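This report refers to the structure that appears directly beneath it.
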Amino acid sequence: MILPAVLKTFSILLFFHFSLLLNAQETLSGKTDIQKPYKILTNGKQISIQSKQYIKSVLVWTASGHRIVEQKKINALSFSFTITVNEKIFFILVEMTDGNRYTSKLGVN
């Protein structure tokens, strides 16, 4: 009688352990939290990206999937744009000149 209860408890603990491992998103460097080389600053609908590395391109799209900014060949340490649509949630893809890409989720009032 005790053995089935122990096996059940062990299997539940094993399941939770593996589910936690599967939820952790590991990057190429082995870290789960990536330090991005840029900051996103907002002032209403005016968005500025200030970077420590040169920015190659920026892509911005809405939560509904509409692309609103696609700028290539930036090659600068900063980039600014104005949101022209009435949505609240946006996603930003920033590609650096070294080829690394980073994404951010942004909420705008």
Side-chain angles (χ1 to χ4, degrees):
M1 274 272 188
I2 295 176
L3 186 58
V6 170
L7 287 175
K8 184 177 179 182
T9 304
F10 179 72
S11 63
I12 290 172
L13 289 174
L14 192 61
F15 172 76
F16 282 118
H17 177 71
F18 282 121
S19 67
L20 289 175
L21 288 176
L22 291 175
N23 285 333
Q25 295 180 356
E26 189 169 283
T27 63
L28 295 176
S29 64
K31 298 178 183 177
T32 55
D33 189 24
I34 298 174
Q35 184 66 30
K36 296 176 183 172
Y38 63 88
K39 291 183 181 182
I40 297 176
L41 307 171
T42 62
N43 184 10
K45 292 194 173 205
Q46 179 69 32
I47 312 298
S48 297
I49 303 170
Q50 295 181 349
S51 178
K52 298 176 186 175
Q53 300 175 10
Y54 281 90
I55 300 169
K56 180 179 179 180
S57 64
V58 173
L59 176 64
V60 181
W61 66 98
T62 65
S64 61
H66 294 95
R67 191 178 294 184
I68 61 168
V69 174
E70 183 175 10
Q71 183 67 45
K72 298 178 181 180
K73 298 180 182 178
I74 297 171
N75 296 323
L77 294 174
S78 64
F79 178 73
S80 297
F81 60 94
T82 302
I83 300 291
T84 58
V85 295
N86 290 327
E87 294 207 30
K88 302 287 184 191
I89 305 294
F90 300 91
F91 297 94
I92 300 175
L93 172 69
V94 179
E95 183 178 5
M96 300 301 173
T97 54
D98 64 3
N100 288 328
R101 294 178 175 181
Y102 303 91
T103 57
S104 298
K105 183 177 178 181
L106 178 67
V108 176
N109 291 330

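Note that these values count all heavy atoms, side chains included, but never hydrogens, waters or copies made by symmetry. Remember, predicted model here, so these are calculated numbers, not experimental data.
You'll find the side chain of T82 stays beyond 4.5 Å of the side chain of I47, heavy atoms only. Here the side chains of F79 and Q71 are in contact, with some heavy-atom distance below 4.5 Å.
For residues 69-85, the pairs satisfying salt bridge (Lys or Arg N to Asp or Glu O under 4.0 Å) are R67-E70, E70-K72, with sequence neighbours left out. Among pairs with a residue in residues 75-84, none fulfils salt bridge (Lys or Arg N to Asp or Glu O under 4.0 Å), at least two apart in sequence or across chains.
Follow the hydrophobic side-chain contacts under 4.5 Å out from F81 and you never reach L59; the two are in separate clusters. W61 and I74 sit in two unconnected hydrophobic clusters of ILVMFWY residues. Membership requires side-chain heavy atoms under 4.5 Å apart, directly or through other members. Hydrophobic clustering keeps V58 apart from L41 (ILVMFWY residues linked when any side-chain heavy atoms are closer than 4.5 Å, directly or through intermediates).
Residues that satisfy the side chain to side chain donor-acceptor pair (under 3.5 Å) test with K36, not counting sequence neighbours, are S104. For the side chain to side chain donor-acceptor pair (under 3.5 Å) test, residues two or more places apart in sequence or in another chain that qualify with S80 are S48.
N43 CG: 12 or fewer foreign heavy atoms inside a 6.0 Å radius.
The other residues sharing a hydrophobic cluster with Y54 are L77, where clustering joins ILVMFWY side chains under 4.5 Å apart.
The backbone N or O of I55 lies less than 3.5 Å from no partner atom in the side chain of S51, so there is not a single donor-acceptor pair. Side-chain atoms of T42 never come within 3.5 Å of backbone atoms of G44 as a donor-acceptor pair (strictly under, hydrogens ignored).
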Return all side-chain donor-acceptor pairs below 3.5 angstrom for residues 85-103, not counting sequence neighbours, or 'none' if the list is empty.
unit_1	atom_1	unit_2	atom_2	d
N86	OD1	K45	NZ	3.2
E87	OE2	S64	OG	3.0
E95	OE1	S57	OG	3.3
D98	OD1	N100	N	3.0
D98	OD2	N100	ND2	3.3

